[in-house]
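Okay, handing you the structure first.
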Protein chains: 2
Amino acid sequence: MENIGKILVVDDEADILEFISYNLKKEGYEVYTAPNGKEAMPIAKKVKPDLILLDVMMPVMDGIETCKRIKADSDFDQTYVVFLTARSEDYSEIEGLDAGADDYIAKPIKPKVLVTRLNAILRRKIKELAAPSIKVKDLHIDRESFLIYRGEQKIQLARKEFELLFLLASKPGKVFTRENILEKVWGDEVLVVDRTIDVHIRKIREKLGDEYIGTVKGVGYKFEV
Amino acid sequence: MENIGKILVVDDEADILEFISYNLKKEGYEVYTAPNGKEAMPIAKKVKPDLILLDVMMPVMDGIETCKRIKADSDFDQTYVVFLTARSEDYSEIEGLDAGADDYIAKPIKPKVLVTRLNAILRRKIKELAAPSIKVKDLHIDRESFLIYRGEQKIQLARKEFELLFLLASKPGKVFTRENILEKVWGDEVLVVDRTIDVHIRKIREKLGDEYIGTVKGVGYKFEV
DNA sequence: TATGGCTCTTAACAATTAGATAACAATTAC
DNA sequence: GTAATTGTTATCTAATTGTTAAGAGCCATA
């Protein structure tokens, strides 16, 4: 099954971890686990999960504390946090989930419920994140139609060209290293020589003109502001 | 705020009713309330809400029973039902929400969660209900008759072809990925190879001409504007 | 219950095009 | 001036899409 998202599950009970993990993997998620908040943080930092499923009650660093730290870290702007709340726990405590959790799921967990809920949350997320279009300078870079508009003019870019321009234009002025670009545009397991980027830059310049993309020698490329 | 939909809230606890009602009204919904299933039915019949928010546990006629009746009534084909489940309730019972509910929300209710969730559900609904016929370019794509009119000419498409064209034409210019298309035209549990789409596209082009549907390589198809 | 016609799906092969690379030219930094 | 870096072009190939045809299933009608 194809991969549809990364989920980090944090719970101190090994069998619950196992149970959830199994069900989410079956659904096609890439699942990571940690037994408490403290150990979860570095994993979260590393894998940048789309969603963190967090038990509220844990020994070393509890869910609420963990959630607060996550929400305070701009690395996790794009990360959803969902609490797992044992129903025996007092809800007044969970009310304290104004720590910033996005949702919560009550134990005991039914697999179908869990999966349905997480699917719904992540679907929402994907939708929200998919920045539909960027307007910079006289360009309107539109993901919906995969077209670049300049005034009345429509410019068609090839897919990689589009993604590359989109990336650069998403932070005008910021210099992206080739490494950077490869990671974002080509993805994790990159199998291409980084000079390939140069060729794509060339093609974009050919189609749009030289004034949009600048070269910072020894560093990378940027969208000129 | 403009009106974005009618919601009927059914719960036996007056303060919860009040709380939900307040938050939904603030969001722009037209809100109706009832204290139990029995009283809810005639109201539902009358106002034809877009969505019914239903407490599972209620004295006179509980949520599951109410839901069954609603789902059995063709008047409510277009009505979404969402359960409110108190945490103390046994989830095995909620499993019985195979009574046909479309979603459920756990108590205690967080306003943000409630509103976000309902918005999402209703957005989906509005989209589904949208326009029985579309006029784009020189085409009149008519759901009633499943025919395409081009001037005086009537063009007959097969069902899947029609649905596919209808989808693309519902957002002219927007590129739909194959995944996208499968989800919307074929439905959730898709059992077909995505190349099937290509063949349908071919047939549509054969019947209508090549000028309507464009290919965005590596991405998907779109209705050309 | 055959028969024929339709729709849908798939597989196989052809055509096309985006993308990758290498090779060489130009430019820049030191 | 030289080495390092980037620009540019041409070529090749791998991925994607187009196209055709064949078979399965369905339904209406004889």
Q.
Return the OH to NZ distance between B:Y149 and B:K154, rounded to the nearest 0.5 Å.
A. 5.0 Å

Q.
Quick check on C:dT10: is either OP1 or OP2 less than 4.0 Å from any side-chain nitrogen or oxygen of B:T196?
A. yes

Q. Between B:E179 and B:K184, is the closest basic N to carboxylate O distance under 4.0 Å?
A.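 Salt bridge flag = no for B:E179 with B:K184.
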
(Q) Tell me the interatomic distance from A:E163, atom CD, to C:dA20, atom C1', rounded to whole angstroms. (A) 17 Å

**Q.** Within 45° cone of A:Y22 ring axis and under 6.0 Å: A:K25 NZ or CZ
**A.**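 Because its charged atom misses either the 6.0 Å distance or the 45° angle limit, A:K25 does not stack over A:Y22.
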
Q. Hey, what do you get for CD1 (B:I155) to CD1 (B:I148), rounding to the nearest 0.5 Å?
A. 7.0 Å

Q.
I'd like to know if B:R178 pairs up with B:E183 as an ion pair, taking the criterion as any Lys NZ or Arg NE/NH1/NH2 lying under 4.0 Å from an Asp or Glu carboxylate oxygen.
A.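 Looking at B:R178 and B:E183, the cut-off is not met.
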
Q: Would you kindly give the CZ-to-P distance between A:F146 and C:dA18, to the nearest whole Å?
A: 14 Å

Q | Test applied, ring pair (Phe, Tyr, Trp, His ring centres under 6.0 Å); reference residue, B:H200; option that passes from B:Y221, B:W186, B:F166, B:F162 | A | B:W186

(Q) Please report the distance, rounded to the nearest Å, between CG in A:L165 and P in C:dG19. (A)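 For the pair A:L165 CG and C:dG19 P, the rounded distance is 14 Å.
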
Q | Rounded to 10 degrees, the angle between the two terminal axes of the helix from C:dT1-D:dA30 to C:dC30-D:dG1, each from five pairs | A |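 Rounded value for the end-axis angle: 30°.
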
**Q.** Test applied, side-chain contact (heavy atoms from CB on, under 4.5 Å); reference residue, B:Y212; option that passes from B:K222, B:E224, B:K137
**A.**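 That would be B:K137.
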
Q: Show your reasoning for whether side chain to side chain contact (heavy atoms under 4.5 Å, CB included) applies to B:V136 and B:F223.
A: CA-CA 9 Å; B:V136 256; B:F223 193 95; 3.8 Å; yes

Q) To the nearest Å, how far apart are B:Q156 CD and C:dC8 P? A) 11 Å

Q: Provide, to the nearest angstrom, the distance between the CG atom belonging to A:L164 and the C1' atom belonging to C:dA18.
A: 14 Å

**Q.** Residue-phosphate contact under 4.0 Å: A:W186 side-chain N/O, C:dG19 OP1/OP2
**A.**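 Looking at the OP1 and OP2 atoms of C:dG19, neither is under 4.0 Å from any side-chain N or O of A:W186.
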
Q | Nearest-Å distance for atom pair NZ/P, residues B:K160 and C:dC6 | A | 19 Å

Q. Which letters describe nucleotides 14-22 of chain D, given B = protein heavy atom under 4.0 Å from base, S = only from sugar-phosphate, - = neither?
A. -BBBBBB--

Q: Please test A:V10 against A:I43 for side chain to side chain contact (heavy atoms under 4.5 Å, CB included), starting from the C-alpha separation and ending with a verdict.
A: CA-CA 11 Å; A:V10 190; A:I43 298 173; over 6 Å; no

Q. Are A:H200 and C:dA18 close enough that a side-chain N or O sits under 4.0 Å from OP1 or OP2?
A. no

